[in-house]
Amino acid sequence: MTAKTTKLMNKAISNAISGLSGMVGKEIQIFAFDIKNVKVRNVAYEFGGPESLIVGVYLQIKGRAGHMFVGYEPKVAADLITMLLGQAPVSMLQLSEMEQSVLGEVGNLMGSFFLNALAEGAGMSLLPSPPAVMVDMAGAILDVPLSHVLEQGDETPIIAARFGTPDKQIEGKFLIVPIPAIEEKTD
Amino acid sequence: MQDDVEIIVGMGELAVSKQPSTVLTCLGVGSCVAVCAFDPVSGVGGMAHVVLPCGEKTTATAPSKYANIAIPALLEEITKLGGDKSRLVIKVVGGARISTAPGFDGTFKIGDKNVEQVLAALEKEKLTIAAMDTGGEKGRTVRMYLATGKVIVQSVGARPKEL
């Protein structure tokens, strides 16, 4: 991945976090950012392991055959729900419609802000679909985005970002497909 | 007694063995399909982790990504180790639709297509299926124990079950 693309991804994450900041009405900062290419075989381990329970928000990038996936540990997702609804979920395995909707909105908003920055930097249109919220084994919910990665190659960029307020930080991981089209535009 | 040796079969991969201590495992299978084949006489077993229904080109790291290529490749590797196609006990697991969210134009139906193509490829090889656990909305971990050929399937929040 080129330095230019990495810089653009960093900017896109910053934009996503500032979107989240506006949504929760608090100043949220990025404390750590890392982007790396990961082999398909190892991607689920970036999300805690193929059998780890995670909460994933999946968006399709319209007209580009692209995908965006944001994964959180259940505790992080529970914190987000508590922060936005004022009440903790009873069970992460059986989220209510409202709880799913809140997570979907967070994913939607962060996805839109992320894609807007990416689109601006790459000079291309990137519009997200409505979100799908999934709670299951990391391996299982990554199957769909990773099946598209395998159609083109055998590795994909993963972004890890730690963000929050000085006293409370959370980590989210982002998987975006495809990057080749974006790389071509930024080279 | 020898300790079990677990071989993780990643997306698009296949693995075969005739060591009784081997456990072939697909972890967290969602829309993908795990095809388990075991010859009870020779003790040879194999597992393919199918990702997509049909295609032409595979890669060295994902020889088993397409159903139409994975099944013949699995049979070939089993035969090389001394397994006999006519004796194979075949079990098929996976092909879940992990999300039913609207507006994805069939993206999440890929599991249904994977199962359909795996069954078609098995039929083409004139193989019958001993057991199946496919579809639904939950991911699964699949383990095949080559000491016995036993296949165990587990989903989040559920007890492991023998297939």
Side-chain angles (χ1 to χ4, degrees), chain A residues 39-45 47-63 65-67 69 74 91-94 97 100-101 103-104 107-108 128-156 177, chain B residues 8-13 25-34 49-67 93-111 113-114 136-143 154-158 160:
Chain A
K39 294 273 182 202
V40 166
R41 169 175 241 284
N42 300 324
V43 169
Y45 293 95
F47 291 85
E51 287 189 290
S52 297
L53 186 72
I54 64 163
V55 178
V57 182
Y58 174 77
L59 306 163
Q60 280 185 339
I61 303 168
K62 287 181 183 169
H67 309 255
F69 177 86
S91 161
M92 286 310 293
L93 280 176
Q94 286 176 321
E97 259 184 50
Q100 287 204 34
S101 166
L103 287 179
N108 199 12
S129 69
V133 178
M134 301 170 276
V135 185
D136 207 318
M137 296 178 192
I141 65 179
L142 283 162
D143 266 4
V144 165
L146 290 181
S147 65
H148 292 276
V149 175
L150 272 180
E151 276 184 307
Q152 299 159 16
D154 68 351
E155 60 179 29
T156 189
V177 190
Chain B
I8 307 297
V9 186
M11 288 179 80
E13 297 176 358
T25 302
C26 284
L27 296 169
V29 174
S31 60
C32 292
V33 176
H49 190 152
V50 175
V51 181
L52 293 158
C54 276
E56 289 168 7
K57 283 185 187 167
T58 57
T59 57
T61 52
S64 186
K65 66 178 166 181
Y66 297 115
V93 183
R97 197 181 295 185
I98 298 294
S99 174
T100 51
F104 284 90
D105 296 333
T107 295
F108 290 105
K109 290 182 186 168
I110 191 168
K113 291 177 192 162
N114 282 338
E137 294 172 15
K138 290 281 177 197
R140 302 162 168 97
T141 282
V142 190
R143 288 188 169 87
Q154 181 156 28
S155 294
V156 170

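Just so it is clear, the model here is predicted, and its values are computed rather than measured. Atom set for the values below is all heavy atoms of this structure, side chains included, hydrogens, waters and symmetry mates excluded. Labels below follow one simple rule: chain letters A, B, ... track the order of the sequence lines, proteins then strands, and each chain is numbered from 1.
Atom-to-atom distance recorded for Arg140(B):CZ and Met137(A):CE is 9.5 Å, nearest 0.5 angstrom. A distance of 5.5 Å separates OH of Tyr66(B) from CD of Glu151(A), quoted to the nearest 0.5 Å.
Between chain A and the options Ser99(B), Ser31(B), Gly94(B), the largest number of non-hydrogen pairs under 4.5 Å is found for Ser31(B). Interface check for chain B: of the options Gly153(A), Ser129(A), Gly56(A), Ala140(A), the most heavy-atom pairs under 4.5 Å are formed by Ala140(A). Interface remark: of the candidates Leu146(A), Leu53(A), Val40(A), Leu146(A) forms the most heavy-atom pairs closer than 4.5 Å to chain B. Of the listed residues (Val29(B), Leu52(B), Val51(B), Ile110(B)), the one with the most heavy-atom contacts under 4.5 Å to chain A is Leu52(B).
Residue Lys65(B) touches chain A through its side chain alone, counting heavy-atom pairs closer than 4.5 Å. Within the 4.5 angstrom heavy-atom criterion, only backbone atoms of Gln154(B) (N, CA, C, O) approach chain A. The contact between Leu150(A) and chain B is made by backbone and side chain atoms together, counting heavy-atom distances below 4.5 Å. The contact between Ile98(B) and chain A is made by backbone and side chain atoms together, counting heavy-atom distances below 4.5 Å.
Although no hydrogens or angles enter the test, the distance criterion places no donor-acceptor pair under 3.5 Å between the side chain of Asp136(A) and the main chain of Lys138(B).
Here the closest heavy-atom approach between residue Met11(B) and residue Ser147(A) is recorded as CE-N, 4.0 Å.
Judged as a side-chain hydrogen bond (donor to acceptor under 3.5 Å, both in side chains), and not counting sequence neighbours, the contacts of Glu51(A) are Thr141(B). Scored by the salt bridge (Lys or Arg N to Asp or Glu O under 4.0 Å) test, Lys109(B) finds no partners at all (sequence neighbours excluded).
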